[in-house]
Amino acid sequence: MRTLRFRLIGPDERMNALLASLAELDDVDRIEEVADELGAHLRDDSSSLGLEDDTPADFRDIEVHAFSAEAAQAARDRIELAARELDLVVEFVDEF
């Protein structure tokens, strides 16, 4: 079993569309959103008084479990292509 970990940044409806396209792949066992600590991605900057830069973007931490290395590569290719088409930001990570 291979695991892809990535962060998606963008509007919810576009992220949902990307995840739905991943679900169509036969060799993907599961796709799950990984919950993180509340506020873990907020900046700790009390001097800015809640300015625009301090509001977090809509993002999701996702894990995709694939049956083989080839299936994981196919999923990664699908993620990259869909992110470009849907105007999303995708960041692949080793761990969250």
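Heavy-atom basis, side chains included; hydrogens, waters and symmetry copies ignored. Nothing here was measured: the structure is a model prediction, and the numbers come from that model.
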For E95 and R5, work out which heavy atoms get closest and say how close. CA-CD, 4.0 Å

With sequence neighbours excluded, what pairs up with R84 under the salt bridge (charged side-chain N to carboxylate O under 4.0 Å, His left out) test? none

Linking directly or through intermediates, with side-chain heavy atoms under 4.5 Å: list the remaining ILVMFWY members grouped with L19, chain and number order. L4, F6, L8, M15, L18, L22, L25, V28, I31, I62, V64, I79, L86, L88, V90, F92

For the CZ atom on R60, are there more than 12 heavy atoms of other groups (residues, nucleotides or ligands in this structure) within a distance under 6.0 Å? yes

Sequence neighbours excluded, the answer for side-chain hydrogen bond (donor to acceptor under 3.5 Å, both in side chains) partners of E85 is none

Validation row: R7, V34 side chains within 4.5 angstrom (heavy atoms): no

Enter the distance from L81:CG to D77:CG here, rounded to the nearest 0.5 Å. 8.5 Å

Partners meeting salt bridge (charged side-chain N to carboxylate O under 4.0 Å, His left out) with E80 (sequence neighbours left out): R76

Residue list, side-chain contact (heavy atoms from CB on, under 4.5 Å) with D94, at least two apart or on another chain: none

Sorted by first residue and then second, give each ring pair (Phe, Tyr, Trp, His ring centres under 6.0 Å) pair with at least one member in residues 61-91; sequence neighbours left out. none

What residues, two or more places apart in sequence or in another chain, satisfy salt bridge (charged side-chain N to carboxylate O under 4.0 Å, His left out) together with E13? none

Residues in side-chain contact (heavy atoms from CB on, under 4.5 Å) with A71, at least two apart? D27, A66, S68

Salt bridge (charged side-chain N to carboxylate O under 4.0 Å, His left out) involving E70 - partner list, sequence neighbours excluded: none

Which residues satisfy the side-chain hydrogen bond (donor to acceptor under 3.5 Å, both in side chains) test with D87, sequence neighbours excluded? none

